[in-house]
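Chain letters run A, B, ... following the sequence lines, proteins first, then strands; residues in each count from 1.
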Number of protein chains: 2
Amino acid sequence: MNQERENASNYSSGRYRTPDGAPADIVIFTIASEERKSAKKSLPHRELQVLLIRRKNWPFEGMWALPGGFCSESETLRECAQRELLEETGVEDIHLEYFNAYSEPGRDPRGWMISHAFFALVNETRLARRRANDDAADVKLFPVAQALEMSLSFDHGAILRDALARIQEQMLTTTIAKQFLPEEFTISELYQVIETVVPEFEEKNFIRKITSTQSRKGILEEARDSDGDLKLSNRYSQRAAQLYRFTNYRPKLSIYS
Amino acid sequence: MNQERENASNYSSGRYRTPDGAPADIVIFTIASEERKSAKKSLPHRELQVLLIRRKNWPFEGMWALPGGFCSESETLRECAQRELLEETGVEDIHLEYFNAYSEPGRDPRGWMISHAFFALVNETRLARRRANDDAADVKLFPVAQALEMSLSFDHGAILRDALARIQEQMLTTTIAKQFLPEEFTISELYQVIETVVPEFEEKNFIRKITSTQSRKGILEEARDSDGDLKLSNRYSQRAAQLYRFTNYRPKLSIYS
DNA sequence: GCAATAGTGTCTCTTAGACAATATAGA
DNA sequence: TCTATATTGTCTAAGAGACACTATTGC
C-alpha cells in the first residue's frame, strides 16, 4: 500500500500537463408531434428536435449550447451523463449512448477539456411533464434543422452534426425507433418516425415487407389484448389499424449477404 | 484578452478535481497468414492477431498491455493515437478508429484516467518490416483468442473484447476487409479474411452473390491490366482466379428494406 | 358519398439457397 | 490422373418493386 501510494505520488509529481476537467455533453433528441387541424382524422406532423440550454456564464455567455457538465472522479462518464440528463429533463432510464470524444486543442477557452459526447433519445410524452417546470427562456427544444444553422457554443455545432448522422444511421440499422414510439404503435407511426429522422427514407411496400417477409417479420409482433385478440387503433385513421410492438429480435446486417 | 485570461484563471482555480492524464490506448489488429506445407498450392492459414507490449514500469510491471500513451494538450486524441501507432509499429496512414472511452473509477492506479480507445487495422505486410527491429520480448503479436484469455493490465481485457466486437460488426457492414488485403485480391482471399475475423460467417454462394447480384456487385470491380484485360492470379490455386479490387461504393444497410 | 388512412391482389423480375457439374493447371 | 481451387448451371421458393384495387368508418 505504501509502495503503491509512493509510486502514485511519484508518478503524478507534475511531469505532465493534465486536463482541466472531463466534461460530458449530451445531444438530447425528441420527436415532437403536432395534431394537424383537419376535420378528418389524420396523421400528426412530426419533427425531430434537440434540447439546448442558454449559457449563463463565461464562456459563450448567453449563447445556446448542448446540456452537459463535468464528470467527477468517482463516477463513470455514463453516470455523469445520466445525472445531467436527469437534471435537464427529469427523465431516467432512457436510451443514452456514447458516440465520440472531442479533443481539438483550444476547443474550450477554460482550458484543456476533452469533451465526451452522448446522445439520448427521449419520447416526447416523458419530456412533456418536465417542460412546464423549466424556465422556458433557458432550456428549449429546437427543430434540428434550425439548431444546425445556429451558431452554438464551443464545437457543439459539430457534435450535433455527428450525433444526427449517428442516429440517422442507427434509425435504419437498429430498432432505436422504439425510443420515439409508445409500446404499441401502428405501422404508419413507425414509418413516420423513421421518415422524420431520415427524410430520404422511402419504402413503397413498407407494411408488406415488415409484416410478411420472412427475414424481417421477426422485428415486430402484433399487439394482443388479454383474450388474445388483435388490438387495433383508430386514433389516426377512420379505418382501425393493427397495433404492433417491437420484439427483441434484431436482424444481423451484412453487405456480403 | 485580459478579461478572458482572468476568467480562465478564475475558472480553474482549484474548484474541481481534474483528471491526471488523458491516455489513448490502441488495439492493433493484424491478420497473420502462414503458407500451409502442402505439395499442392493451397490457401494459407490465417489468424487474427493483436499487438501487445510488456510493461516495463509500475503499475502492472511485467504484464502485457495494449500499446498507448498520454495525450498532450496540443494534439487531438487521434493525433496522439497516430503517434503511438507510429512508435509501436512504424506504420502510418492506416485505418485508425476511435470506438470508446473507459472511465470506471479506479481503473488506473496512477490516478484518475479516462482512457480513449482506438482500434487499428494493419496489413501484415506493412507490419513485417518493423518487427525485426523490435525487441521481441517486449512487443509481440498474440492470437486474439489467446489474448482474450490472458490477464491483461488495467481494463485492457475489456477494451480488447469491445474492440473485437466492433471490428466483427464492421467486417460485415463496411469494407474494412480491404485493410487486411492487398490492393487486388481473389474472392477466396476476401472470404477467408471475413471468416478469420467473424468465424460464424458462412455464405455458400459467396462468389456468385458478390459478383452478380445487382445490389451488391458494386462493391468490387475486376482488376484489369493496362490493356484492359482481366487480371488473374494463380498464387493460391491451380486454376487461376479473377482478381478484384474494392470500389468506393458502399451499400446502405437497413433492417426495414 | 367523400376523405383519409389501412391493407390486399397481381404481375414481373431478381435473388436466395442448395447442389451438381465443369474448368484449369501443377505435380 | 489426381488434387485443390475456381467458376457456372440449374431448379425452386422467396422477395422486390410497381400500381391498381378494395376496406373501413367518421363526417
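One atom, CD1 of I207(B), and another, C1' of dT24(C), lie 14 Å apart when rounded to the nearest Å. Between the CD atom of E189(A) and the C1' atom of dA6(C) there is a distance of 13 Å, rounded to whole Å. Here the P atom of nucleotide dC19(C) and the CD atom of E202(B) are 11 Å apart, to the nearest Å. The nearest whole Å value for the distance from the OH atom in Y256(B) to the C1' atom in dA16(D) is 19 Å. Remark: P of dG15(D) and CD1 of I210(A) are 13 Å apart, rounded to the nearest angstrom. Rounded to whole Å, the distance from NZ on K209(A) to P on dA14(D) is 17 Å. The nearest whole Å value for the distance from the CZ atom in F206(A) to the P atom in dG15(D) is 16 Å. The CG atom of L232(B) sits 17 Å away from the P atom of dA23(C) (whole-angstrom rounding).
Distance alone, capped at 3.5 Å, places no donor-acceptor pair between the T30(B) side chain and the Q49(B) backbone.
Under the 4.0 Å criterion applied to side-chain N and carboxylate O atoms, R46(A) and E189(A) are assigned as salt-bridge partners.
The side chain of S237(A) sits closest to dT5(C) out of dA6(D), dT5(C), dG17(C). Closest to the side chain of Q238(A), from the set dA6(C), dT25(D), dA25(C), is dT25(D).
Taking the six-membered ring where tryptophan is involved, the planes of F119(A) and F99(A) are tilted, since the angle between them lies from 30° to 60°. Taking the six-membered ring where tryptophan is involved, the planes of F246(B) and F185(B) are tilted, since the angle between them lies from 30° to 60°.
Evaluation of the side-chain hydrogen bond (donor to acceptor under 3.5 Å, both in side chains) test over residues 223-233 of chain A, restricted to residues two or more places apart or in two chains, returns E184(A)-K231(A).
Scanning for side chain to side chain donor-acceptor pair (under 3.5 Å) contacts around D162(A) gives Y102(A), with sequence neighbours left out.
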So which protein N/O to nucleotides 10-12 of chain D N/O distances come out below 3.5 Å?
from, atom 1, to, atom 2, distance (Å)
dT10(D), O4, R208(B), NH1, 2.9

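Of the side-chain N and O atoms in S257(B), none sit less than 4.0 angstrom from OP1 or OP2 of dA16(D).
In terms of position along DNA chain D, the nucleotide closest to R239(B) lies nearer the 5' end than the nucleotide closest to the other residue of the pair K204(A) and R239(B).
The nearest pair of heavy atoms linking I26(A) to A120(A) is CG2-CB, 4.1 Å.
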